[in-house]
Structures are given as structure tokens and as C-alpha cells.
Amino acid sequence: MSLRMSKGSVVADSKNFYQDLQAFTDFRKVADPELYHPVPDDWVVAVADIRKSTIAVQEGRYKDVNMVGACCITAVLNVIKGCEIPYVFGGDGATLIIPSDFVSAAREALIRTSAMSEEQFKLSLRIGFVPVEEIRRRGADAMVARFELSRGNPLAMFSGGGVELADQLVKEDDGRQGYQVMERAADGPPDLTGISCRWEPLKARNGRMLVLLVRAMAEGDPEQRSRVYRRIMEALQDILGEDARNASPVTDESLSFRWPPKGLAAEARATRGHQSYRRRYFKLLLESAIQWACNLLDLKAGDYRGHAYRQELKENSDFRRFDDMLRLVFDCSPAQVIQIRSMLEKERAEGQICFGTHESDEALMTCLVFSLAASEHVHFIDGADGGFWRAAIEFKRQLAEVSADAQER
């Protein structure tokens, strides 16, 4: 059966839609319309983001923000067994697209995650669900492609405007539209098995960690948008080197595992479940000591192999992603940062893109480990000191200027 569907169709056994997609491995092709397939009508977009994240960022708690965003993904994946679903990590939240059969379980998982976030981190989550069918009725679409970091470790890429529309509908819901989940009562903690926060912040070896948000402005013309993104990716490749993966924040030089890890307290708070914080922390302290020794001496403990895991970790980091815009984190020299901004400003002056950037000395990494034995693990990358959240400030300002200019004309 072909997976290429007409708009608004439902495939037989649609629960297998995502896992049956043919994956691509060359990120430079990420905006190719031929890679994207319409999500079945009976799926639902789930949105989770942190309210008033400004305060947390100003307090220097962006690592906690990242942790809660990753927990939203982990909690949902842990209650959906035997079915792969597409998701994207947004820094201060997450978006997932879920078959209708699993929406109830996902809803409960996110409510439990919200309660955990409030109790352990004093961060309030906004949660909402928007049917794909509703997105299409409103003129947008939900399209997904499957990008493979390494064998068994896919990342979803989104296009069609549906994810952005779902986010907008949830944020604008005042309680009467029915998209936002208003209840916060939860019977027990979420299952956050697999979430991990033990590596030190990734130090920029070239000078700067550059976070980029880039959106092509050719509305209604997928081919033109694809050409713009391809041109951007080629320009970045020229600036960063033949293979832009060389600018990954995750390298042998930047990976550092110290004991006790700085992020262990956040992991203990998030994953304590019914245990006391002290009991959970000391259990993780012992686990991390074993992991530290394995990394230092290249030893093996159970399914954990220090050297092999580090090599896999470099491959399985999501420093490049796409959800109707490019979201990138690169380790750059100051001269390369200037070149990249100059290139983006030129594209913007020609009306081709809007963009946002943020620079810092470090990047943050939050890990999601599915199976060490099967080498299945994904690592979410964001810039320090606000990362994608701060880059979005410039991006939204540019979008507002474009909108204002359009109204004046």
C-alpha cells in the first residue's frame, strides 16, 4: 500500500502510518515537499508548553525548562506502546501527533506531567489537543517526514502549517473552544522512565553556540519555500564547511561527564515518582557514579558501554530539526556567526525569510534513552541562557514587522 495520500484521507491501520514512512538521512533535503506525507485525519496534534517561561529564563532556570519540555515527550511515549509517533522538542515545550486510539492515554500522561512540573519545578504547563481534521478544515495541513539520525533513531519533521496552527489555537483558547486541557488533577506521577540529565553543558569549542530559527516567507508555494531552504542550507554548508555536521555542538571535546552531575537534582525531582526526593537522588547518585567510571575507563556495566555510547550520542543528537521552520544549533567561530547573520540579513532584505538568533558559550543536552541494548536513544539540544526561547524573540519581531508592512500596503 502506498503511503502517499491525498489530503484528508485515512490509511488502513493508520496507527502504523509514521513507522512505515521511508526515512531520509540527508538533512539538506529537509524541505523537499516529496518527503512529506499527510498525517491521517483521525490523528490529533498534542501541544505542551510552559506558561510564563520568561521568569524561569530570567532566573537562570532554562535547564529546568528544557527538562520539563523533554518530560512531556517521555511521558506520552511511555504510555503509547507498540506505536511510533512523530514529535518535536521545542525547548520550552513539545508537540506530538497521536493516533486517536491513544489520545486519552496521552492526555492523562500530560496532565500528570503538568502536576509534576508544578510540584517539583514550579513551572505551569499549558496542554492542548487539536484534531488533524480540524486543522484541515481551517485551511492548513499536518505533514510529516521521517529523518533518521541513525538506525532505529528517527526524528519527525513537520510541514503544512498544521503544527503552528494547533499551537495558536491552544494558546488562544479561553476555555470555551475545547482545545486546551483545563483540569490539572492527576492520579499518580507520570512514567518518565528514560529521561536523563547527567552530561555537563556542552562548551563551545569554536567560540560560540549559535541558535537559529529560519522561516521561508513564500506562503502557499511549497516549491518556492523548498528552494529558499535549500539555498539557506547550501549557504550554511559553505560557511561551516563541507559537512555541517562538523558544527554539531556534540563532539568528543564538548562531551563532559563529571560526578556528581549538575543536572542530577533536576532528574531526581522529575523522576522521583512516589519515592522521597532524597531516596531517588541517592539512587541516581550511585547510577551516575557507575556511568562516570564507565566513561572514564571505557568500561561496560550491563548494557552501558562508555565509549560506544559516546559515539552513538554524537550521531543521535537533534541539533538540526524542522517544523515549518529550520531550528538549528551550531558550534561556530565568531567570524562564522558574522557570516551567517550577514547571509540571513540579505535573504530577509529580499523578503525571503524571517529569522531569529541567539548566541551563548554553551549548549544544553537532555537525554531520552529508550534501549541501551538496541542503541536507541535521542538527545535534545538547545542553546544555554534561553536558547530557542530567546531566538524566538527576534523571530517574532521580524514577523510582526512583515505583518505591519503588509497592512500598510
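- In this structure, CD on Glu133 lies 9.0 Å from CG on Asp42, to the nearest 0.5 angstrom.
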Test side chain to side chain contact (heavy atoms under 4.5 Å, CB included) on Lys171 and Gln180; report intermediate values, then the result. CA-CA 8 Å; Lys171 288 180 178 178; Gln180 196 172 141; over 6 Å; no
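- Considering only residues two or more places apart in sequence or on other chains, Phe380 meets the ring-ring contact (aromatic ring centres under 6.0 Å, His included) condition with Phe89.
- Of all the heavy atoms in Arg390 and Val57, the pair that sits closest is NH2-CG1, 3.3 Å.
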Stepwise, does the side chain to side chain contact (heavy atoms under 4.5 Å, CB included) test hold for Glu134 with Tyr179? CA-CA 11 Å; Glu134 172 67 13; Tyr179 301 120; 3.1 Å; yes
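- Residues Arg208 and Ser360 have side chains that never bring a donor and an acceptor to within less than 3.5 angstrom of each other.
- Taking both residues in full, the closest heavy atoms of Glu200 and Pro261 are given as OE2-CA, 3.8 Å, listed atom of the first, atom of the second, then distance.
- Contact check on Glu312 versus Arg151 returns no salt bridge, with no Lys/Arg side-chain nitrogen under 4.0 Å from an Asp/Glu carboxylate oxygen.
- Residues Pro190 and Thr113 come closest through the heavy atom pair CB-OG1, 3.6 Å.
- Within a 6.0 Å sphere centred on NZ of Lys203, other residues, nucleotides and ligands contribute 12 heavy atoms or fewer.
- Within the structure, ring pair (Phe, Tyr, Trp, His ring centres under 6.0 Å) pairs that include any residue of residues 183-240 comprise Trp199-Phe257, Tyr229-Phe322 (at least two apart or interchain).
- Closest approach of Pro249 to Ile381, counting heavy atoms only: CG-CG2, 4.1 Å.
- Remark: Glu84 pairs with Arg146 by the side chain to side chain donor-acceptor pair (under 3.5 Å) rule, at least two apart or across chains.
- Side-chain N/O atoms of Trp389 and Ser53 include a donor and acceptor closer than 3.5 Å.
- A salt bridge links Asp141 and Arg136; the closest N-O separation between the charged side-chain nitrogens and carboxylate oxygens is under 4.0 Å.
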